[in-house]
Structures are given as structure tokens and as C-alpha cells.
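Notes follow the structure.
Quick note on labels: first sequence line is chain A, next is B, and so on, each numbered from 1.
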There are 2 protein chains.
Amino acid sequence: MRPTVHDIAAEAGVSLATVDRVLNNRPGVRSVTRERVEQAIATLGYVRDVAAANLAKSRSYPLVFILPAGENSFMRGLEAEVRSAMSRSATERLDITILSVPAFDAPALAAALLDARERRPAGVAVVAVDAPDVTEAVKRLRDDGIAVVTLVSDLPGSGRDHFAGVDNVAAGRTAGSLMGRFLGGGEGPVAVLAGSMLVRDHRDRLEGFQAVMSGDFASRRILPVIEGQDDPSLVETLVDALLGQHPDLAGIYSLGAGNRGLVAALEKAGKGRAVCTIAHELTPHSRAGLLSGTIDALLNQNAGHEVRSAIRVLKAKADGLPVIAAQERIRIDIFLKDNLPLEQE
Amino acid sequence: MRPTVHDIAAEAGVSLATVDRVLNNRPGVRSVTRERVEQAIATLGYVRDVAAANLAKSRSYPLVFILPAGENSFMRGLEAEVRSAMSRSATERLDITILSVPAFDAPALAAALLDARERRPAGVAVVAVDAPDVTEAVKRLRDDGIAVVTLVSDLPGSGRDHFAGVDNVAAGRTAGSLMGRFLGGGEGPVAVLAGSMLVRDHRDRLEGFQAVMSGDFASRRILPVIEGQDDPSLVETLVDALLGQHPDLAGIYSLGAGNRGLVAALEKAGKGRAVCTIAHELTPHSRAGLLSGTIDALLNQNAGHEVRSAIRVLKAKADGLPVIAAQERIRIDIFLKDNLPLEQE
DNA sequence: GAATTTTTGACGTACGTAAATCAGAAATCT
DNA sequence: AGATTTCTGATTTACGTACGTCAAAAATTC
């Protein structure tokens with residue numbers, strides 16, 4: 001049987017109250033006594049029963065998630081994951097509020113952060129837009145002792161506690177490697193399609209992609225970046241024009257959202273197979289594109305993992321516990337049509 | 001405040017005991033009363049507090065893991081994951097025993113299964129070898145009401161409750177797609193290196209690989225399968241011979257273990273870059289091969305996910321609860337040198 | 001050595017559920 | 001109607017920890 005506080009009390013020859021004081025770092029224990037108790041904990045190999053502890057504490061963690069509004073399938077999937085976490089709030093003692101703000105809108109995001117602050121939560125998770133007033137708002141939250149985790153897109157220099165998302169430079173590099181190898185030795189330029197250079201994740205992906213292309217596949221010409229605002233219809237218009245201008249286009253790297261428009265434009269022009277297309281995020285549209293052969297490879301960040309990691313980190317920070325960085329690292333998934341997970345996941 | 005059993009009792013106008021009988025499917029409740037209680041549960045939105053329930057039950061799950069012995073890095077990593085789960089046994093109420101058997105040895109495995117049976121565990125997880133006496137042993141475990149999960153390599157037809165591993169046919173297909181695309185239009189044959197055709201996972205990978213190669217890249221010649229018994233030194237000898245026999249070799253698909261020998265042979269022959277190499281499982285050796293450029297792509301199954309999934313399923317089966325299949329699906333990771341996770345993970 | 005402060009012990013209640021016991025009520029059978 | 005079986009209620013104890021109160025003991029200061 002595993003040892004309990006009672007066993008420690010017996011082993012150390014002290015009372016339960018003293019054991020409790022030591023375990024929870026409460027004052028009023030002489031250092032010699034404290035050491036005796038710690039010795040007993042060590043020899044018995046006592047591990048606190050978290051379930052019982054939480055039950056006794058009946059602690060709860062009020063958290064706020066700030067997510068961009070709009071049709072972006074990835075973001076809606078992210079929201080679904082947050083709601084799924086809310087449904088588990090019973091067992092995990094969470095009390096989650098979701099705030100919705102327009103995408104790429106720094107003032108609105110800053111306002112939402114201050115709104116979140118008013119609610120005095122234990123922590124806030126936010127999909128960041130890289131702007132000074134957002135950075136400032138995050139700092140004010142931290143000054144109030146509220147833990148802040150950036151989600152999907154980071155905000156370095158804001159003093160956020162943690163970033164729950166993938167290494168986007170590495171993602172861009174991976175896209176570059178795949179593009180270069182898939183294209184082989186042929187001719188024709190490669191286009192890059194982003195959402196907006198206002199968000200850090202898109203800038204990082206671009207940086208990684210360009211680094212690999214100019215390093216390992218230097219002969220390949222890269223066209224200037226196109227910004228589609230993650231809007232399917234705008235993306236479609238832009239890609240229509242692109243295909244018209246560059247009939248010899250060899251590849252497209254879509255590092256943002258709005259892939260529905262991209263797939264539509266390519267298929268309309270009959271170029272689904274001819275152009276090597278690498279995109280981000282597994283959504284119903286990008287899945288269809290991959291299965292039809294229009295998209296050749298998909299890089300993905302698992303929204304569920306990110307949300308769960310953000311919650312774990314916020315809870316840990318709220319309790320003043322350390323975060324195991326390695327455990328919270330989010331992987332970059334690569335999907336081809338052959339290793340696509342089934343729909344219902 | 002979230003509702004408790006007391007609230008339900010009050011709402012339904014019954015006693016705590018009756019609520020408990022309904023919640024735990026115990027007999028002794030008239031169907032009309034049962035319905036009243038269920039109605040109250042629904043209207044109040046009651047969710048059982050698992051922490052408190054487990055605390056009260058002080059239930060524990062004795063499980064047995066049967067793993068192959070030997071130097072195979074992936075299997076050692078798998079064992080490390082099981083041990084890490086054991087260290088969490090405190091909080092998850094697990095009581096895990098590990099049995100070790102020689103690799104690819106069906107009689108030894110069957111004996112180990114019967115040994116496990118003697119221990120009367122709630123469940124057994126086993127890395128299966130596909131042989132009649134193993135199938136038979138699994139059936140006997142099931143007849144005794146012991147849940148059985150196959151791990152990494154499946155055993156269809158044995159009546160096992162679940163398979164915790166990747167879709168190895170899809171993994172083979174993915175390897176085929178990557179191989180075909182990376183090679184482009186050049187000449188030269190492709191070799192396939194397996195561990196043993198006695199295990200299902202290797203057979204499945206081969207099937208998937210051959211299907212894609214003969215379908216999408218039909219002009220490419222595939223050499224007969226080489227069996228290296230997952231043994232680095234044997235693999236090295238075999239690959240030495242292979243490279244001698246086929247100076248124009250374009251690619252190698254290594255679908256088993258022993259990649260240390262493969263990398264050594266390729267680098268010795270100065271063919272690290274020239275031969276497109278796709279292998280399985282991220283280990284210290286395969287990681288080094290990927291970083292040096294000798295291995296071009298790595299397919300991986302996350303041992304930690306598999307072990308945790310196996311445990312979840314065994315617990316659920318032991319409690320007679322349903323398993324959410326989608327949640328237990330293990331993904332096939334693709335790693336290039338650009339998206340390799342850091343060492344410490 | 002008396003007064004003061006600090007440390008420790010003893011004890012109780014709470015968290016939400018499980019599970020057992022015993023007694024009484026209701027339904028079913030003969 | 002009486003006997004039997006089946007349901008239901010009331011109550012208690014337990015799981016392992018948190019946390020508070022109060023009093024006693026020990027250490028420290030003067």
C-alpha cells in the first residue's frame with residue numbers, strides 16, 4: 001500500500017498537523033523538525049495523492065481564452081477544442097470563459113485583454129497579434145499576477161509565461177525541404193501565400209521557408225509574398241491572378257489559412273496536379289484538397305494538444321509550479337494523403 | 001456550484017442510497033424510481049466527480065506488459081515509457097508488472113502470456129508475434145475475463161480487445177509516396193529491408209509500400225525483401241552485400257529496426273547522400289542518421305502515446321466501459337531533419 | 001526564573017463518492 | 001391473508017488530504 005500522511009507522521013514521530021505544515025510550506029515548523037519530516041517523506045517514498053488533495057481543496061481555475069472570430073476553419077477547430085476542455089471542466093476543475101475578437105485587429109485584442117483582466121482569472125490564453133498595445137496589455141495582466149500563455153502565434157518581448165504552439169521557423173523549413181525535394185530539378189518559380197505579416201507565426205514560417213530554399217535549393221526562384229488575409233475569396237482572386245501571370249508556376253507554399261480559395265483557383269485552372277502545393281493546418285477543406293491531389297503535403301499543428309498544453313501550463317503557473325518544457329513542446333505534423341487520420345478525429 | 005449526489009437525491013425525492021444504486025448500476029431499484037433519478041441527473045446536469053469516486057473506491061488496476069528483450073532502441077524506449085507510467089501509478093492507481101521475452105520467439109511469448117495469466121491481472125498489453133500458440137494463449141486470457149491489448153504489432157483473429165499501434169499499411173504507403181516523390185524520375189532499383197516476416201507490423205508495412213510503388217511509381221524496380229532480424233550487425237553485413245551487388249541502388253526502405261547497421265554500411269560506402277533512405281522509429285541512431293543526411297525521412301510511432309493509450313483502454317475494459325476509438329488512434333509521424341523534435345523529449 | 005514568542009499536537013470538519021448494514025415498505029406469490 | 005421476495009430509506013464509515021482552531025509544550029528573550 002502506498003504511504004499516506006499518517007505514515008509520515010508516525011515515521012517522523014510528529015503529528016499530522018506538522019506533516020501538513022511541511023507538505024504545504026506553511027510556517028511554524030522548526031528547521032530540525034522540518035528535516036525529520038522530509039527525511040520520512042523520502043524514506044517512505046511518499047507521493048501526495050493529487051486527487052484527494054484537489055478534492056479537499058476544491059480549488060478551481062478560472063481561465064480566459066481569447067480567440068479570433070471569423071470563418072477560419074483552424075480557429076474554429078481551436079475553439080471546439082477549448083469547448084471540449086470546458087466540458088471536462090467538471091473533472092479538471094476548470095472554469096473557462098471564451099472571448100472572441102476580430103482577426104488581425106490589434107486594438108480590439110488589446111481591449112479584450114483588459115476585459116479579461118477585469119474578470120480576475122488565474123490565467124489567460126491568447127492568440128496574439130504582434131503589436132505594441134497588445135504587448136502592453138499582456139504586461140499589465142502579468143503585473144496583476146495573471147498568468148498569460150500565447151496560443152498558436154507568439155508575442156516575444158511581452159513577458160508572457162509560455163508559448164503554446166509549434167516552432168514556426170522549423171515549420172517553414174520543413175515546408176521548404178519538402179517543396180525542394182518534391183520539385184526535383186525542374187524549372188519554374190515558387191509562390192508564397194501568407195495571411196498577414198502582422199502575426200508572428202506567418203512571419204516565422206516565411207523566414208524558415210526562405211532560409212531553406214535559398215540555402216539548399218538556391219536555383220529556384222521565389223516570388224514576392226502575397227497576403228490573402230486568411231480570406232478564402234480574396235485568396236481565390238489572388239491565386240487566379242498569380243496563375244495567369246506565371247503559367248510556368250512550379251509550386252505554391254500557403255503558410256496561412258483560406259486554403260478553400262487556393263484549392264478552388266488551382267482546380268478551376270486545371271493546375272491541381274501540375275503545381276506542387278504545400279499548405280498548413282488540417283481542416284475539412286485542406287483534407288479534401290489533399291485527397292484530390294491538389295495539395296501535395298500538409299503541415300499541421302494539433303489544436304487539441306495546444307489547448308491542453310496551454311491549460312496545463314496556466315494551471316501550473318497559477319499554482320507556482322514549474323513547467324516541464326520538453327513535455328509542452330508541440331510537434332509539427334506532416335500529412336500526405338497516405339497518412340491522413342480519419343475524419344472523425 | 002456543480003450538483004452532487006445529495007442534490008440529485010433531493011431533486012428526485014429519494015435517498016442517497018438509491019441515487020448510488022442508479023449511478024453504479026446496482027440492482028434493487030424499481031424502473032419508475034430509476035427513471036425519476038435519471039431525470040434528476042439530466043435536469044441538474046450532474047457529472048460524477050471521478051476524483052472523489054476513485055478516492056472512495058480506492059480501486060487499483062493490476063496490469064502486465066509483455067515486451068521483447070534485446071537492444072532494439074525502439075523497444076527500449078517503449079519499456080522506458082511503461083516505466084514512466086509506473087512512476088505515475090500513484091496518481092493513476094496502476095500496478096504494472098513488466099515481463100521480458102526474447103524477440104520473434106513465439107513459444108516464449110506464449111509461455112509469458114500464460115505466466116501473466118497466473119498473476120490474475122485486470123489486463124495485459126503485449127507486443128505480439130503472429131503465431132498460432134500466441135493466438136491461443138491470448139484467447140485463454142480473454143476467457144478468464146482478462147482484457148488484452150496488442151501493442152505495436154497486432155494479432156488479428158486472436159480476439160484481443162484492442163490494438164494500440166499505428167496503421168502499418170498506411171505507414172508503408174506513406175513511405176512509398178515519399179520514396180517515389182523524393183526519387184523523382186531517375187533510374188535505379190529500390191531495396192526493402194525488414195526485421196522479420198513473422199511479425200504483423202513488418203508484413204503490413206511491406207504490403208502498403210509495395211502497393212503504392214507498383215501503383216503510382218510502377219516503373220521503379222523493387223528488389224526482393226531482405227530480413228535483418230532487427231539486428232544492427234546482421235543488417236550491416238546484408239547492406240554491405242546489397243550495395244556491392246547493386247551499385248546503381250536508388251533507395252532503401254528500412255521498415256524494421258537495426259538502423260545503426262544500415263547507417264554504418266551506407267556511410268562506409270560513401271553512399272549516405274546518393275541512396276534515398278527512409279526508415280522507421282526515432283531513436284538516437286536514426287536521429288543521427290537523419291541529421292547527417294544519410295536518412296532522408298523517418299516514420300515514427302510515438303511510444304509514449306501507444307503506452308498511454310494501451311493503459312487507458314485496459315482500464316476502460318476492466319471497468320466495462322466503452323472505448324472511444326477515434327481518441328485511441330495513433331498517428332504516424334513523419335520527420336525530416338527540419339522538424340525533428342529536440343533530444344530530451 | 002518569569003515572560004514572551006515560537007513551535008507543535010490534538011482534534012474536528014470538509015471535499016464528493018462508494019459501499020455496507022439494517023430496518024421498514026411495497027409488491028408478488030401461494 | 002400470510003409468507004416471501006423485492007425495493008427503498010436512513011445511517012454510518014471510509015478514502016487521503018486540506019485547513020482551521022485551540023491548547024500545550026518548547027524555545028527564546030529579558
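Going from atom CD1 of I8(A) over to atom C1' of dA18(D) covers 14 Å, rounded to whole Å. The CG atom of D20(B) sits 10 Å away from the P atom of dA20(C) (whole-angstrom rounding). Going from atom NE2 of H6(B) over to atom C1' of dA10(D) covers 12 Å, rounded to whole Å. Taking atom CD of residue E35(B) and atom P of nucleotide dC7(D), one finds them 15 Å apart after rounding to whole Å.
The number of heavy-atom neighbours closer than 6.0 Å to CZ of R140(A), taken from other residues, nucleotides and ligands shown, is 12 or below.
Here R48(B) reaches the OP1 or OP2 of dA18(C): one of its side-chain N or O atoms lies under 4.0 Å away. The shortest distance between the side-chain N/O atoms of T4(B) and the OP1/OP2 oxygens of dG16(C) is not below 4.0 Å. OP1 or OP2 of dG9(D) has at least one side-chain nitrogen or oxygen of T18(B) nearer than 4.0 Å.
Nearest nucleotide to the A17(A) side chain, out of dT7(C), dT17(C), dA10(C): dA10(C). Among the nucleotides dG9(C), dG16(C), dG9(D), the one closest to the side chain of R21(A) is dG9(C). With dT11(D), dA18(D), dA10(D) as the choices, the nucleotide that has an atom nearest any side-chain atom of L23(A) turns out to be dA18(D).
The minimum heavy-atom distance linking A128(B) with L155(B) is given by the pair CB-CB, 3.9 Å.
Here E281(A) pairs with R205(A) under the salt bridge (Lys or Arg N to Asp or Glu O under 4.0 Å) rule; sequence neighbours left out.
With hydrogens and angles ignored, no donor-acceptor pair closer than 3.5 Å exists between the side chain of R26(A) and the base of dG20(D).
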